[in-house]
Protein chains: 2
Amino acid sequence: MPDLDLHVERHPATLRLLVEDKLRAAIVEGRFPPGQRLIERELCELTGVGRTSIREAIRQLEAEGLVTVVPHRGPSVTVITPGEARDLYAVRGLLEGYAGREFARLRPEAEIAALGRDVEGFARAAANADRRALIAAKTALYATLMRGCGNAVVRQMLTTLHNRITLLRLTSMSQPGRLKDSVSEIRTIAAAIVTGDGDAAEASCRLHIARAAVVAIAVLEQQSNVPTQVSRGRHSKTE
Amino acid sequence: MPDLDLHVERHPATLRLLVEDKLRAAIVEGRFPPGQRLIERELCELTGVGRTSIREAIRQLEAEGLVTVVPHRGPSVTVITPGEARDLYAVRGLLEGYAGREFARLRPEAEIAALGRDVEGFARAAANADRRALIAAKTALYATLMRGCGNAVVRQMLTTLHNRITLLRLTSMSQPGRLKDSVSEIRTIAAAIVTGDGDAAEASCRLHIARAAVVAIAVLEQQSNVPTQVSRGRHSKTE
DNA sequence: GTGCGAGTATTGTCTGTCAATCAGCAGATT
DNA sequence: AATCTGCTGATTGACAGACAATACTCGCAC
(Lines give C-alpha, C1' and ligand atoms only; values in the text may rest on other atoms or scores of the structure.)
Protein backbone atom coordinates (compact mmCIF):
# COMPACT_ATOMS: atom_id res chain seq x y z
CA MET A 1 0.00 0.00 0.00
CA PRO A 2 1.45 3.39 -0.92
CA ASP A 3 1.78 5.65 2.07
CA LEU A 4 -1.01 8.04 1.20
CA ASP A 5 -1.47 10.90 3.58
CA LEU A 6 -4.96 10.18 4.70
CA HIS A 7 -4.91 12.31 7.77
CA VAL A 8 -8.44 13.37 8.42
CA GLU A 9 -7.55 16.41 10.51
CA ARG A 10 -8.98 14.65 13.49
CA HIS A 11 -11.51 17.22 14.61
CA PRO A 12 -9.79 19.80 16.80
CA ALA A 13 -10.78 17.33 19.45
CA THR A 14 -13.04 18.94 21.98
CA LEU A 15 -14.79 22.22 22.20
CA ARG A 16 -12.93 23.05 25.35
CA LEU A 17 -9.60 22.88 23.56
CA LEU A 18 -10.84 25.16 20.84
CA VAL A 19 -11.95 27.71 23.37
CA GLU A 20 -8.65 27.39 25.15
CA ASP A 21 -6.71 28.09 21.97
CA LYS A 22 -8.90 31.01 21.04
CA LEU A 23 -8.56 32.61 24.43
CA ARG A 24 -4.84 32.01 24.60
CA ALA A 25 -4.41 33.58 21.19
CA ALA A 26 -6.56 36.54 22.13
CA ILE A 27 -4.49 37.12 25.24
CA VAL A 28 -1.03 36.83 23.72
CA GLU A 29 -2.14 38.98 20.81
CA GLY A 30 -3.13 41.62 23.27
CA ARG A 31 -6.80 41.68 22.46
CA PHE A 32 -7.37 41.24 26.16
CA PRO A 33 -4.85 43.55 27.82
CA PRO A 34 -3.20 42.59 31.10
CA GLY A 35 -5.47 43.37 34.01
CA GLN A 36 -8.58 42.94 31.90
CA ARG A 37 -11.22 41.01 33.74
CA LEU A 38 -12.67 38.04 31.93
CA ILE A 39 -16.31 37.72 32.83
CA GLU A 40 -17.71 34.29 32.15
CA ARG A 41 -20.93 35.39 30.62
CA GLU A 42 -19.22 37.81 28.27
CA LEU A 43 -16.91 35.05 27.13
CA CYS A 44 -19.93 32.81 26.63
CA GLU A 45 -21.46 35.37 24.32
CA LEU A 46 -18.19 36.03 22.51
CA THR A 47 -17.50 32.38 21.89
CA GLY A 48 -20.99 30.98 21.75
CA VAL A 49 -20.29 28.11 24.14
CA GLY A 50 -21.58 27.32 27.58
CA ARG A 51 -20.04 28.24 30.88
CA THR A 52 -18.71 24.75 31.41
CA SER A 53 -16.29 24.92 28.51
CA ILE A 54 -15.27 28.45 29.32
CA ARG A 55 -14.51 27.66 32.91
CA GLU A 56 -12.45 24.60 32.11
CA ALA A 57 -10.48 26.48 29.48
CA ILE A 58 -9.79 29.20 32.02
CA ARG A 59 -8.37 26.63 34.42
CA GLN A 60 -5.85 25.61 31.85
CA LEU A 61 -4.83 29.18 31.14
CA GLU A 62 -4.56 29.78 34.84
CA ALA A 63 -2.17 26.88 35.17
CA GLU A 64 -0.12 28.37 32.36
CA GLY A 65 0.08 31.65 34.19
CA LEU A 66 -1.72 33.67 31.55
CA VAL A 67 -4.72 34.45 33.68
CA THR A 68 -4.96 34.97 37.41
CA VAL A 69 -8.03 33.83 39.25
CA VAL A 70 -8.88 35.13 42.66
CA PRO A 71 -11.67 33.18 44.34
CA HIS A 72 -15.09 34.76 44.08
CA ARG A 73 -13.71 37.54 41.96
CA GLY A 74 -13.07 35.66 38.79
CA PRO A 75 -10.30 35.51 36.24
CA SER A 76 -8.37 38.37 34.73
CA VAL A 77 -5.38 38.58 32.42
CA THR A 78 -2.23 38.32 34.51
CA VAL A 79 -0.34 41.49 35.21
CA ILE A 80 3.37 40.86 35.37
CA THR A 81 5.38 42.80 37.91
CA PRO A 82 9.02 43.74 37.38
CA GLY A 83 10.03 41.11 39.90
CA GLU A 84 8.17 38.37 38.10
CA ALA A 85 9.64 39.52 34.82
CA ARG A 86 13.08 39.12 36.26
CA ASP A 87 12.27 35.60 37.41
CA LEU A 88 10.75 34.67 34.09
CA TYR A 89 13.73 35.85 32.12
CA ALA A 90 16.11 34.06 34.45
CA VAL A 91 14.39 30.75 33.86
CA ARG A 92 14.06 31.41 30.18
CA GLY A 93 17.77 32.02 29.85
CA LEU A 94 18.43 28.80 31.70
CA LEU A 95 16.13 26.70 29.57
CA GLU A 96 17.00 28.24 26.25
CA GLY A 97 20.65 27.92 27.04
CA TYR A 98 20.12 24.24 27.69
CA ALA A 99 18.06 23.90 24.52
CA GLY A 100 20.82 25.52 22.50
CA ARG A 101 23.44 23.26 24.02
CA GLU A 102 21.45 20.13 23.36
CA PHE A 103 20.59 21.24 19.85
CA ALA A 104 24.29 21.66 19.17
CA ARG A 105 25.07 18.29 20.69
CA LEU A 106 22.39 16.32 18.87
CA ARG A 107 22.36 18.22 15.59
CA PRO A 108 19.29 16.53 14.14
CA GLU A 109 19.48 16.85 10.39
CA ALA A 110 16.00 18.12 9.61
CA GLU A 111 16.04 20.74 12.35
CA ILE A 112 19.48 22.00 11.43
CA ALA A 113 18.18 22.66 7.94
CA ALA A 114 15.07 24.35 9.32
CA LEU A 115 17.25 26.48 11.56
CA GLY A 116 19.11 27.90 8.58
CA ARG A 117 15.89 28.78 6.82
CA ASP A 118 14.39 30.33 9.94
CA VAL A 119 17.40 32.51 10.62
CA GLU A 120 17.37 33.85 7.08
CA GLY A 121 13.64 34.43 7.28
CA PHE A 122 14.13 36.35 10.49
CA ALA A 123 16.88 38.46 9.00
CA ARG A 124 14.70 39.31 6.01
CA ALA A 125 11.75 40.23 8.19
CA ALA A 126 14.00 42.40 10.32
CA ALA A 127 15.37 44.19 7.26
CA ASN A 128 11.87 44.94 6.02
CA ALA A 129 10.69 46.01 9.46
CA ASP A 130 7.55 44.01 8.88
CA ARG A 131 6.03 43.50 12.29
CA ARG A 132 3.79 40.59 11.39
CA ALA A 133 6.47 38.76 9.46
CA LEU A 134 8.88 39.40 12.29
CA ILE A 135 6.68 37.78 14.85
CA ALA A 136 6.00 34.83 12.56
CA ALA A 137 9.71 34.39 11.89
CA LYS A 138 10.58 34.54 15.54
CA THR A 139 7.90 32.02 16.35
CA ALA A 140 9.22 29.65 13.69
CA LEU A 141 12.73 30.06 15.02
CA TYR A 142 11.73 29.18 18.54
CA ALA A 143 9.70 26.24 17.36
CA THR A 144 12.74 24.87 15.59
CA LEU A 145 14.94 25.43 18.62
CA MET A 146 12.51 23.56 20.82
CA ARG A 147 12.14 20.68 18.43
CA GLY A 148 15.88 20.51 17.97
CA CYS A 149 16.73 20.16 21.63
CA GLY A 150 14.90 16.85 21.79
CA ASN A 151 13.44 17.45 25.23
CA ALA A 152 9.66 17.56 25.39
CA VAL A 153 9.59 18.94 28.92
CA VAL A 154 11.81 21.83 27.98
CA ARG A 155 9.72 22.46 24.92
CA GLN A 156 6.51 22.65 26.85
CA MET A 157 7.96 24.83 29.60
CA LEU A 158 9.56 27.21 27.14
CA THR A 159 6.33 27.53 25.23
CA THR A 160 4.33 28.61 28.25
CA LEU A 161 7.21 30.77 29.42
CA HIS A 162 7.32 32.47 26.09
CA ASN A 163 3.62 33.15 26.19
CA ARG A 164 3.88 34.65 29.63
CA ILE A 165 6.72 36.91 28.60
CA THR A 166 4.76 38.02 25.57
CA LEU A 167 2.26 39.31 28.09
CA LEU A 168 4.62 41.97 29.30
CA ARG A 169 5.84 42.90 25.87
CA LEU A 170 2.37 43.80 24.72
CA THR A 171 2.26 47.31 26.01
CA SER A 172 5.83 48.15 25.15
CA MET A 173 7.07 47.01 21.79
CA SER A 174 10.70 46.16 21.65
CA GLN A 175 12.96 49.00 20.65
CA PRO A 176 13.93 49.19 16.97
CA GLY A 177 17.56 49.68 17.93
CA ARG A 178 17.49 46.31 19.59
CA LEU A 179 16.48 44.60 16.39
CA LYS A 180 19.82 44.75 14.59
CA ASP A 181 21.57 43.38 17.65
CA SER A 182 19.00 40.63 17.83
CA VAL A 183 19.71 39.49 14.31
CA SER A 184 23.42 39.28 14.86
CA GLU A 185 22.95 37.50 18.19
CA ILE A 186 20.74 34.95 16.55
CA ARG A 187 23.22 34.37 13.81
CA THR A 188 25.83 33.71 16.44
CA ILE A 189 23.59 31.18 18.13
CA ALA A 190 22.82 29.38 14.91
CA ALA A 191 26.48 29.27 13.94
CA ALA A 192 27.38 27.69 17.27
CA ILE A 193 24.65 25.10 16.86
CA VAL A 194 25.53 24.02 13.34
CA THR A 195 29.20 23.68 14.24
CA GLY A 196 28.20 21.62 17.24
CA ASP A 197 29.80 23.89 19.83
CA GLY A 198 27.54 23.31 22.80
CA ASP A 199 29.30 25.69 25.16
CA ALA A 200 29.12 28.54 22.67
CA ALA A 201 25.49 27.78 21.87
CA GLU A 202 24.48 27.90 25.49
CA ALA A 203 26.48 31.02 26.19
CA SER A 204 25.11 32.89 23.21
CA CYS A 205 21.54 31.90 24.01
CA ARG A 206 21.93 33.15 27.54
CA LEU A 207 23.49 36.36 26.38
CA HIS A 208 20.66 36.92 23.94
CA ILE A 209 18.03 36.46 26.62
CA ALA A 210 19.93 38.53 29.14
CA ARG A 211 20.05 41.46 26.77
CA ALA A 212 16.38 41.15 25.93
CA ALA A 213 15.65 41.02 29.65
CA VAL A 214 17.50 44.23 30.35
CA VAL A 215 15.48 46.12 27.78
CA ALA A 216 12.15 44.62 28.76
CA ILE A 217 12.59 45.14 32.47
CA ALA A 218 13.76 48.70 32.04
CA VAL A 219 10.64 49.54 30.07
CA LEU A 220 8.49 47.70 32.55
CA GLU A 221 9.87 49.51 35.56
CA GLN A 222 9.50 52.83 33.86
CA GLN A 223 5.88 51.95 33.18
CA SER A 224 5.16 50.73 36.66
CA ASN A 225 5.80 54.23 37.95
CA VAL A 226 2.64 55.23 36.12
CA PRO A 227 0.46 52.26 36.96
CA THR A 228 -2.06 52.36 34.16
CA GLN A 229 -4.73 50.21 35.70
CA VAL A 230 -6.77 48.65 32.97
CA SER A 231 -10.41 48.05 33.71
CA ARG A 232 -10.58 49.61 37.08
CA GLY A 233 -14.30 50.01 36.63
CA ARG A 234 -16.66 47.18 36.14
CA HIS A 235 -17.02 47.29 32.40
CA SER A 236 -14.34 48.42 30.06
CA LYS A 237 -16.47 48.38 26.93
CA THR A 238 -13.78 47.60 24.43
CA GLU A 239 -16.30 47.45 21.65
CA MET B 1 2.16 48.19 66.18
CA PRO B 2 3.96 44.92 66.82
CA ASP B 3 3.85 42.70 63.78
CA LEU B 4 1.48 40.11 65.13
CA ASP B 5 0.82 37.21 62.85
CA LEU B 6 -2.88 37.57 62.46
CA HIS B 7 -3.23 35.38 59.48
CA VAL B 8 -6.70 33.92 59.57
CA GLU B 9 -5.92 30.89 57.41
CA ARG B 10 -8.20 32.33 54.80
CA HIS B 11 -10.58 29.42 54.27
CA PRO B 12 -9.16 26.90 51.84
CA ALA B 13 -10.97 29.13 49.40
CA THR B 14 -13.07 27.11 47.04
CA LEU B 15 -14.22 23.56 46.92
CA ARG B 16 -12.45 23.03 43.65
CA LEU B 17 -9.09 23.80 45.23
CA LEU B 18 -9.75 21.37 48.02
CA VAL B 19 -10.57 18.64 45.57
CA GLU B 20 -7.49 19.51 43.59
CA ASP B 21 -5.27 19.19 46.64
CA LYS B 22 -6.87 15.94 47.70
CA LEU B 23 -6.46 14.39 44.30
CA ARG B 24 -2.92 15.61 43.92
CA ALA B 25 -2.02 14.19 47.29
CA ALA B 26 -3.68 10.90 46.47
CA ILE B 27 -1.74 10.63 43.25
CA VAL B 28 1.70 11.52 44.56
CA GLU B 29 1.15 9.23 47.53
CA GLY B 30 0.48 6.45 45.13
CA ARG B 31 -3.08 5.77 46.16
CA PHE B 32 -3.93 6.08 42.48
CA PRO B 33 -1.17 4.20 40.70
CA PRO B 34 0.11 5.39 37.31
CA GLY B 35 -2.17 4.21 34.54
CA GLN B 36 -5.18 4.13 36.83
CA ARG B 37 -8.20 5.58 35.14
CA LEU B 38 -10.04 8.27 37.04
CA ILE B 39 -13.72 7.96 36.34
CA GLU B 40 -15.62 11.11 37.13
CA ARG B 41 -18.54 9.54 38.84
CA GLU B 42 -16.32 7.43 41.07
CA LEU B 43 -14.43 10.54 42.09
CA CYS B 44 -17.73 12.24 42.80
CA GLU B 45 -18.67 9.49 45.18
CA LEU B 46 -15.22 9.40 46.79
CA THR B 47 -15.13 13.13 47.37
CA GLY B 48 -18.80 13.93 47.73
CA VAL B 49 -18.75 16.83 45.31
CA GLY B 50 -20.36 17.35 41.95
CA ARG B 51 -18.89 16.67 38.56
CA THR B 52 -18.23 20.34 37.95
CA SER B 53 -15.63 20.63 40.67
CA ILE B 54 -14.08 17.30 39.82
CA ARG B 55 -13.69 18.18 36.19
CA GLU B 56 -12.13 21.54 36.87
CA ALA B 57 -9.71 20.05 39.36
CA ILE B 58 -8.72 17.45 36.79
CA ARG B 59 -7.91 20.19 34.29
CA GLN B 60 -5.45 21.68 36.72
CA LEU B 61 -3.79 18.35 37.37
CA GLU B 62 -3.64 17.74 33.66
CA ALA B 63 -1.81 21.01 33.19
CA GLU B 64 0.63 19.93 35.88
CA GLY B 65 1.28 16.72 34.03
CA LEU B 66 0.02 14.45 36.78
CA VAL B 67 -2.93 13.14 34.82
CA THR B 68 -3.30 12.55 31.13
CA VAL B 69 -6.62 13.13 29.47
CA VAL B 70 -7.42 11.65 26.12
CA PRO B 71 -10.58 13.12 24.62
CA HIS B 72 -13.66 11.02 25.08
CA ARG B 73 -11.76 8.49 27.08
CA GLY B 74 -11.24 10.48 30.22
CA PRO B 75 -8.39 11.12 32.60
CA SER B 76 -5.90 8.65 33.99
CA VAL B 77 -2.80 8.97 36.11
CA THR B 78 0.14 9.75 33.85
CA VAL B 79 2.50 6.92 33.04
CA ILE B 80 6.04 8.18 32.66
CA THR B 81 8.19 6.59 30.01
CA PRO B 82 11.95 6.30 30.34
CA GLY B 83 12.37 9.03 27.77
CA GLU B 84 10.18 11.43 29.68
CA ALA B 85 12.00 10.57 32.87
CA ARG B 86 15.27 11.52 31.25
CA ASP B 87 13.78 14.86 30.16
CA LEU B 88 12.31 15.54 33.56
CA TYR B 89 15.57 14.89 35.37
CA ALA B 90 17.48 17.02 32.91
CA VAL B 91 15.26 20.00 33.61
CA ARG B 92 15.27 19.32 37.29
CA GLY B 93 19.04 19.34 37.40
CA LEU B 94 19.06 22.61 35.54
CA LEU B 95 16.57 24.31 37.81
CA GLU B 96 17.88 22.94 41.07
CA GLY B 97 21.37 23.86 40.07
CA TYR B 98 20.19 27.39 39.48
CA ALA B 99 18.30 27.41 42.74
CA GLY B 100 21.40 26.29 44.60
CA ARG B 101 23.52 28.94 42.96
CA GLU B 102 21.07 31.71 43.74
CA PHE B 103 20.62 30.49 47.28
CA ALA B 104 24.38 30.69 47.76
CA ARG B 105 24.48 34.13 46.21
CA LEU B 106 21.63 35.64 48.20
CA ARG B 107 22.10 33.78 51.46
CA PRO B 108 18.87 34.94 53.10
CA GLU B 109 19.34 34.68 56.83
CA ALA B 110 16.18 32.84 57.78
CA GLU B 111 16.48 30.25 55.04
CA ILE B 112 20.14 29.58 55.76
CA ALA B 113 19.17 28.73 59.30
CA ALA B 114 16.32 26.55 58.10
CA LEU B 115 18.69 24.79 55.73
CA GLY B 116 20.93 23.73 58.58
CA ARG B 117 18.01 22.35 60.51
CA ASP B 118 16.61 20.53 57.49
CA VAL B 119 19.89 18.87 56.63
CA GLU B 120 20.29 17.57 60.16
CA GLY B 121 16.70 16.37 60.15
CA PHE B 122 17.32 14.54 56.92
CA ALA B 123 20.47 12.92 58.25
CA ARG B 124 18.66 11.75 61.37
CA ALA B 125 15.78 10.34 59.35
CA ALA B 126 18.23 8.55 57.09
CA ALA B 127 20.03 7.06 60.05
CA ASN B 128 16.80 5.74 61.49
CA ALA B 129 15.61 4.45 58.11
CA ASP B 130 12.22 5.91 58.89
CA ARG B 131 10.44 6.15 55.58
CA ARG B 132 7.79 8.63 56.60
CA ALA B 133 10.24 10.91 58.37
CA LEU B 134 12.56 10.66 55.41
CA ILE B 135 9.96 11.89 52.99
CA ALA B 136 8.94 14.69 55.32
CA ALA B 137 12.55 15.75 55.79
CA LYS B 138 13.23 15.72 52.10
CA THR B 139 10.11 17.78 51.46
CA ALA B 140 11.17 20.34 54.03
CA LEU B 141 14.63 20.50 52.50
CA TYR B 142 13.29 21.18 49.06
CA ALA B 143 10.88 23.76 50.36
CA THR B 144 13.75 25.62 51.96
CA LEU B 145 15.82 25.43 48.80
CA MET B 146 12.99 26.84 46.76
CA ARG B 147 12.30 29.64 49.19
CA GLY B 148 15.96 30.43 49.43
CA CYS B 149 16.54 30.91 45.74
CA GLY B 150 14.17 33.85 45.69
CA ASN B 151 12.65 33.00 42.33
CA ALA B 152 8.93 32.28 42.38
CA VAL B 153 8.88 30.89 38.86
CA VAL B 154 11.59 28.40 39.65
CA ARG B 155 9.82 27.46 42.84
CA GLN B 156 6.58 26.73 41.07
CA MET B 157 8.19 24.81 38.25
CA LEU B 158 10.30 22.73 40.59
CA THR B 159 7.29 21.90 42.67
CA THR B 160 5.33 20.47 39.78
CA LEU B 161 8.45 18.82 38.42
CA HIS B 162 9.03 17.19 41.76
CA ASN B 163 5.49 15.90 41.84
CA ARG B 164 5.80 14.43 38.39
CA ILE B 165 9.03 12.70 39.24
CA THR B 166 7.46 11.27 42.34
CA LEU B 167 5.09 9.50 39.98
CA LEU B 168 7.83 7.30 38.67
CA ARG B 169 9.35 6.66 42.03
CA LEU B 170 6.15 5.18 43.35
CA THR B 171 6.55 1.70 42.01
CA SER B 172 10.25 1.51 42.70
CA MET B 173 11.47 2.83 45.99
CA SER B 174 14.92 4.24 45.93
CA GLN B 175 17.67 1.85 46.78
CA PRO B 176 18.84 1.82 50.39
CA GLY B 177 22.46 1.91 49.25
CA ARG B 178 21.76 5.24 47.61
CA LEU B 179 20.66 6.77 50.87
CA LYS B 180 24.08 7.17 52.46
CA ASP B 181 25.41 8.80 49.34
CA SER B 182 22.40 11.11 49.32
CA VAL B 183 23.13 12.35 52.78
CA SER B 184 26.71 13.17 52.02
CA GLU B 185 25.77 14.83 48.74
CA ILE B 186 23.26 17.00 50.50
CA ARG B 187 25.77 18.00 53.12
CA THR B 188 28.06 19.07 50.33
CA ILE B 189 25.33 21.17 48.79
CA ALA B 190 24.45 22.84 52.06
CA ALA B 191 28.09 23.57 52.80
CA ALA B 192 28.52 25.26 49.44
CA ILE B 193 25.44 27.35 50.01
CA VAL B 194 26.31 28.58 53.49
CA THR B 195 29.82 29.53 52.40
CA GLY B 196 28.33 31.39 49.46
CA ASP B 197 30.12 29.40 46.78
CA GLY B 198 27.64 29.58 43.93
CA ASP B 199 29.62 27.51 41.46
CA ALA B 200 30.08 24.69 43.94
CA ALA B 201 26.43 24.82 44.97
CA GLU B 202 25.24 24.52 41.41
CA ALA B 203 27.67 21.77 40.57
CA SER B 204 26.82 19.71 43.62
CA CYS B 205 23.09 20.10 43.04
CA ARG B 206 23.48 18.92 39.48
CA LEU B 207 25.61 16.01 40.53
CA HIS B 208 23.06 15.01 43.12
CA ILE B 209 20.24 15.01 40.59
CA ALA B 210 22.31 13.28 37.95
CA ARG B 211 23.05 10.42 40.30
CA ALA B 212 19.44 10.12 41.35
CA ALA B 213 18.48 10.10 37.68
CA VAL B 214 20.79 7.24 36.86
CA VAL B 215 19.28 5.06 39.54
CA ALA B 216 15.70 5.99 38.75
CA ILE B 217 15.98 5.53 35.02
CA ALA B 218 17.76 2.22 35.37
CA VAL B 219 14.96 0.88 37.51
CA LEU B 220 12.39 2.31 35.16
CA GLU B 221 13.87 0.74 32.08
CA GLN B 222 14.18 -2.58 33.78
CA GLN B 223 10.52 -2.31 34.68
CA SER B 224 9.39 -1.29 31.24
CA ASN B 225 10.59 -4.62 29.92
CA VAL B 226 7.79 -6.13 31.96
CA PRO B 227 5.09 -3.58 31.25
CA THR B 228 2.79 -4.05 34.18
CA GLN B 229 -0.27 -2.38 32.75
CA VAL B 230 -2.44 -1.22 35.56
CA SER B 231 -6.12 -1.25 34.95
CA ARG B 232 -6.12 -2.84 31.57
CA GLY B 233 -9.69 -3.90 32.10
CA ARG B 234 -12.52 -1.55 32.71
CA HIS B 235 -12.63 -1.74 36.47
CA SER B 236 -9.64 -2.43 38.61
CA LYS B 237 -11.56 -2.79 41.85
CA THR B 238 -8.90 -1.58 44.21
CA GLU B 239 -11.27 -1.77 47.10
C1' DG C 1 -15.38 63.36 54.31
C1' DT C 2 -16.13 58.89 56.61
C1' DG C 3 -18.48 54.90 57.82
C1' DC C 4 -22.43 51.88 57.23
C1' DG C 5 -25.88 49.24 54.85
C1' DA C 6 -28.65 47.74 50.83
C1' DG C 7 -28.59 46.14 46.20
C1' DT C 8 -26.61 44.11 42.34
C1' DA C 9 -23.30 41.56 39.69
C1' DT C 10 -20.59 37.59 39.49
C1' DT C 11 -18.80 33.45 40.77
C1' DG C 12 -19.07 28.59 42.85
C1' DT C 13 -21.58 24.58 42.69
C1' DC C 14 -25.28 21.27 41.94
C1' DT C 15 -28.71 18.76 39.26
C1' DG C 16 -30.45 16.88 35.33
C1' DT C 17 -30.26 16.07 30.47
C1' DC C 18 -28.73 14.74 25.91
C1' DA C 19 -25.58 13.67 22.13
C1' DA C 20 -21.10 11.81 20.82
C1' DT C 21 -17.81 8.56 21.38
C1' DC C 22 -15.38 4.49 22.96
C1' DA C 23 -14.77 -0.49 24.48
C1' DG C 24 -16.22 -5.04 24.48
C1' DC C 25 -19.27 -8.78 23.01
C1' DA C 26 -22.09 -11.61 20.25
C1' DG C 27 -23.20 -13.08 15.84
C1' DA C 28 -22.37 -13.60 10.89
C1' DT C 29 -19.23 -14.63 7.12
C1' DT C 30 -15.60 -16.76 4.51
C1' DA D 1 -11.23 -21.26 13.00
C1' DA D 2 -10.31 -16.63 12.31
C1' DT D 3 -11.96 -12.25 11.08
C1' DC D 4 -15.21 -8.80 10.21
C1' DT D 5 -19.62 -6.42 11.56
C1' DG D 6 -22.92 -4.35 14.13
C1' DC D 7 -24.91 -3.69 18.61
C1' DT D 8 -24.98 -2.23 23.39
C1' DG D 9 -23.53 -0.29 27.64
C1' DA D 10 -20.47 2.91 29.83
C1' DT D 11 -18.40 7.28 29.92
C1' DT D 12 -17.32 11.70 28.60
C1' DG D 13 -18.46 16.41 26.47
C1' DA D 14 -21.49 20.00 26.71
C1' DC D 15 -25.63 22.56 27.84
C1' DA D 16 -29.30 24.91 30.59
C1' DG D 17 -31.15 26.29 34.64
C1' DA D 18 -31.00 27.16 39.34
C1' DC D 19 -29.44 28.74 43.83
C1' DA D 20 -26.31 30.23 47.59
C1' DA D 21 -22.20 32.78 48.76
C1' DT D 22 -19.39 36.42 48.00
C1' DA D 23 -17.53 40.87 46.37
C1' DC D 24 -18.14 45.39 44.48
C1' DT D 25 -20.80 49.79 44.08
C1' DC D 26 -23.57 53.24 45.39
C1' DG D 27 -26.35 56.04 48.22
C1' DC D 28 -27.30 57.58 52.81
C1' DA D 29 -26.56 59.08 57.48
C1' DC D 30 -23.45 61.35 60.55
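Throughout, a chain's letter reflects where its sequence line sits, starting with A, and its residues are numbered from 1.
Under the 4.0 Å criterion applied to side-chain N and carboxylate O atoms, A/Glu45 and A/Arg41 are not assigned as salt-bridge partners.
Note on A/Ile58: nothing from the nucleic acid sits closer than 4.0 angstrom, heavy atoms only.
No hydrogens or angles were tested; on distance alone, a donor-acceptor pair under 3.5 Å links the side chain of A/Arg51 to the base of C/dG12.
In this structure, CG in A/Leu61 is found 12.5 Å from CZ in B/Arg59, a value given to the nearest 0.5 Å. A distance of 11.5 Å separates CD1 of A/Ile58 from CZ of A/Arg51, quoted to the nearest 0.5 Å.
Paired with B/Met146 under the rule side-chain contact (heavy atoms from CB on, under 4.5 Å), one option of B/Arg155, B/Glu111, B/Met157 passes, and it is B/Arg155.
A close approach under 4.0 Å does not occur between any side-chain nitrogen or oxygen of A/Arg16 and OP1 or OP2 of D/dC15. For D/dC15, one of the phosphate oxygens OP1 or OP2 lies less than 4.0 angstrom from a side-chain nitrogen or oxygen of A/Ser53. For B/Thr52, no side-chain nitrogen or oxygen approaches OP1 or OP2 of C/dT15 to under 4.0 Å.
Whole-Å rounding puts the A/Glu56 CD to D/dT12 P distance at 12 Å. For the pair A/Glu45 CD and C/dA9 P, the interatomic distance rounds to 14 Å; values are reported in whole Å. The distance from atom CG of B/Leu15 to atom P of C/dT15 is 11 Å, rounded to the nearest whole Å. Rounded to an integer number of Å, the gap from NE2 of A/His72 to C1' of D/dA23 is 9 Å. Rounding to whole angstrom units, CD of residue B/Glu40 and C1' of C/dT21 are separated by 14 Å. Rounded to an integer number of Å, the gap from CZ of B/Arg73 to P of C/dA20 is 22 Å. Going from atom CD of B/Glu42 over to atom P of D/dT12 covers 9 Å, rounded to whole Å. For the pair B/Ile54 CD1 and D/dA14 P, the computed distance is 18 Å after rounding to whole Å.
Of the candidates D/dG13, C/dT11, D/dT11, D/dT11 carries the atom nearest the B/Arg41 side chain, counting heavy atoms from C-beta on. Closest to the side chain of B/Arg55, out of C/dC22, D/dG13, C/dG12, is D/dG13. Out of D/dC15, D/dG13, C/dG12, the shortest distance to the side chain of B/Thr14 is found at C/dG12.
Place A/Pro71 and B/Gly74 on DNA chain D by their nearest nucleotides, and B/Gly74 ends up nearer the 5' end.
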B/Glu56 and B/Gln60: CA distance, side-chain angles, deciding distance, side-chain contact (heavy atoms from CB on, under 4.5 Å) verdict: CA-CA 7 Å; B/Glu56 291 188 17; B/Gln60 181 74 30; over 6 Å; no
